[in-house]
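Heads up, the thing below is written out as structure tokens.
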Amino acid sequence: MTDKPDLQRATSSQRDSSSVIDLREYKQSKDVLPITFHRRELDAILRIYGRMVGEGEWRDYAIDHLKDKAVFSVFKRSGEMPLFRIEKDPKLAAKQGAFSVVNTDGRILKRGHELPQVLKVFDKVLKLIE
């Protein structure tokens, strides 16, 4: 003979031991995905990169996908500071634009909402003065 009240007490105690999780807290505790360049954005950047390599201006690149932005850095020599950084910062999308080109000194050469427009800064002759 089974004792149903004991079974009911055990089941209700299991329910009481479970906890309610706040969804906001759960989302904050999860690792956020890094910001990345989309395929078309990367295609546009690599087109410029290929042209500049062909002209002998650039020789190496690095791509960083960070929590707050994606960065494509170009180098004359791999052991040096980057000549230029092409950055994608989605937090600035509603303001000045998510895309920017930054030089070695940290100066923003061009910023905008559309990457092809921002990359037009490389249509001009930009050379490092040593």
Side-chain angles (χ1 to χ4, degrees):
M1 194 169 183
T2 52
D3 191 33
K4 288 187 181 182
D6 287 337
L7 182 61
Q8 288 175 345
R9 262 186 261 136
T11 308
S12 68
S13 69
Q14 286 175 347
R15 282 190 215 135
D16 293 340
S17 67
S18 65
S19 60
V20 176
I21 299 173
D22 185 7
L23 188 58
R24 288 174 296 199
E25 186 178 316
Y26 175 75
K27 284 182 179 179
Q28 288 174 353
S29 70
K30 287 190 61 100
D31 290 335
V32 294
L33 294 174
I35 305 300
T36 60
F37 289 107
H38 297 290
R39 182 184 177 118
R40 289 180 190 212
E41 296 165 351
L42 203 52
D43 284 346
I45 293 169
L46 289 174
R47 233 178 281 119
I48 298 289
Y49 176 78
R51 187 185 72 194
M52 297 302 264
V53 166
E55 293 174 9
E57 296 294 319
W58 298 349
R59 296 214 175 133
D60 202 2
Y61 72 91
I63 301 175
D64 295 305
H65 297 139
L66 308 170
K67 287 182 182 178
D68 57 342
K69 63 183 169 181
V71 182
F72 186 97
S73 304
V74 294
F75 301 88
K76 179 75 170 180
R77 291 175 204 85
S78 59
E80 297 181 348
M81 295 284 291
L83 295 174
F84 300 100
R85 292 187 326 262
I86 301 165
E87 299 183 354
K88 176 184 179 181
D89 189 348
K91 285 187 242 173
L92 298 174
K95 297 176 185 174
Q96 302 114 340
F99 300 101
S100 61
V101 174
V102 182
N103 71 358
T104 306
D105 301 332
R107 253 187 326 190
I108 297 172
L109 301 177
K110 191 154 182 145
R111 172 176 277 156
H113 296 281
E114 296 179 21
L115 184 60
Q117 286 297 113
V118 172
L119 293 177
K120 285 186 178 180
V121 73
F122 295 115
D123 290 345
K124 302 172 187 170
V125 178
L126 295 176
K127 296 194 182 214
L128 179 65
I129 301 172
E130 296 183 29

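Just so it is clear, the values below take in all heavy atoms, side chains as well, and ignore hydrogens, waters and symmetry mates. Small disclaimer: the values here were computed from a predicted structure and weren't measured.
By the criterion of side-chain heavy atoms lying less than 4.5 angstrom apart, applied directly or through intervening Ile, Leu, Val, Met, Phe, Trp or Tyr residues, V118 is grouped together with V121 in one hydrophobic cluster. Under the 4.5 Å side-chain heavy-atom criterion for ILVMFWY residues, no single connected hydrophobic cluster contains both L46 and I35. Transitive grouping of hydrophobic side chains (ILVMFWY, heavy atoms separated by less than 4.5 Å) brings V53 and V101 into a common cluster.
Atom CZ in R40 sits 14.5 Å away from atom CD1 in I45 (nearest 0.5 Å). To the nearest 0.5 angstrom, M52 atom CE is 13.0 Å from R59 atom CZ. Taken to the nearest 0.5 Å, the CD atom of E41 stands 4.0 Å off from the CZ atom of F99. Residue T36 holds its OG1 atom at 9.5 Å from CG of L42, rounded to the nearest 0.5 Å. Taken from CG in L92 to OG in S100, the straight-line distance is 7.5 Å, to the nearest 0.5 Å. For the atom pair L66 CG and K69 NZ, the distance stands at 7.5 Å (nearest 0.5 Å).
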task: Test F122 against L109 for side-chain contact (heavy atoms from CB on, under 4.5 Å), laying out the working first.
output: CA-CA 10 Å; F122 295 115; L109 301 177; 5.8 Å; no
message: If you apply the rule ring-ring contact (aromatic ring centres under 6.0 Å, His included), what do you find for F75 with Y61, and how did you get there?
response: CA-CA 6 Å; F75 301 88; Y61 72 91; 9.1 Å; no
field: Candidate pair F72 and E87, rule side-chain contact (heavy atoms from CB on, under 4.5 Å), full reasoning
entry: CA-CA 6 Å; F72 186 97; E87 299 183 354; over 6 Å; no
message: Pair Q117, L115 - check side-chain contact (heavy atoms from CB on, under 4.5 Å), show working.
response: CA-CA 5 Å; Q117 286 297 113; L115 184 60; over 6 Å; no
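Side chain of N103 to backbone of D105: a donor-acceptor contact under 3.5 angstrom is found. Remark: side-chain polar atoms of H113 are not paired, donor with acceptor, to backbone N or O of A98 under 3.5 angstrom. Proximity of a side-chain donor or acceptor of K120 to a complementary backbone N or O of K110 within less than 3.5 Å is not detected. Distance alone, capped at 3.5 Å, is enough to place a donor-acceptor pair between the D89 side chain and the K91 backbone. In this structure a side-chain-to-backbone donor-acceptor pair under 3.5 Å is missing from S73 to P82.
Residues P34 and H65 come closest through the heavy atom pair CB-O, 3.6 Å.
The local environment of CD in E114 is sparse, with at most 12 non-hydrogen atoms from other residues, nucleotides or ligands closer than 6.0 Å.
Applying the side-chain hydrogen bond (donor to acceptor under 3.5 Å, both in side chains) rule to H38 yields the partners K88; only residues at least two apart in sequence or on another chain are considered. Residues forming a salt bridge (charged side-chain N to carboxylate O under 4.0 Å, His left out) with R111 (at least two apart in sequence, or on another chain): none.
In this structure, F84 and W58 have tilted ring planes: the angle between them lies in the 30° to 60° band.
Clustering of Ile, Leu, Val, Met, Phe, Trp and Tyr side chains at separations under 4.5 Å places I108 together with V102.
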